[in-house]
Amino acid sequence: MDRVFVCSCFGITEQQVKQHAESGACTPRQIASACKAGTDCGSCVRRIQALLGRGATPRGELVTRPAATATRLDEAA
């Protein structure tokens with residue numbers, strides 16, 4: 001069986017992250033609470049985000065929205 005490690009600091013595999021996700025962990029912080037992955041050096045956090053389907057967009061990067069959505073949000077304010 002091939003083991004693809006996500007977190008080398010704690011020896012957490014992709015399969016373990018997926019199992020925690022199936023058990024209800026849906027954010028990197030919840031994965032960290034479940035198995036410590038992402039709590040030491042942090043280099044695996046983007047990979048964990050990708051496994052959770054959250055992408056690996058850096059926090060400071062803005063998400064572009066269609067003009068119609070932006071207009072509706074402005075009108076609601």
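Sequential numbering from 1 along the given sequence is applied to the chain's residues.
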NE2/H20 to CD1/I48 distance, rounded to the nearest 0.5 angstrom? 10.0 Å
Run the numbers on V6 and L51 for side-chain contact (heavy atoms from CB on, under 4.5 Å), then give the verdict. CA-CA 10 Å; V6 173; L51 287 170; 3.7 Å; yes
Less than 4.5 Å apart, any side-chain heavy atom of F5 and any of I12? no
Shortest non-hydrogen contact from L52 toward P28: CD1-N, 3.6 Å
Exercise answer: donor-acceptor pairs, residues 30-38 side-chain atoms, under 3.5 Å, sequence neighbours excluded:
from, atom 1, to, atom 2, distance (Å)
Q30, OE1, C26, N, 2.6
Q30, OE1, T27, N, 3.3
S33, OG, R29, O, 3.2

Side-chain ion pair, E14 and R47, N-O less than 4.0 Å: yes
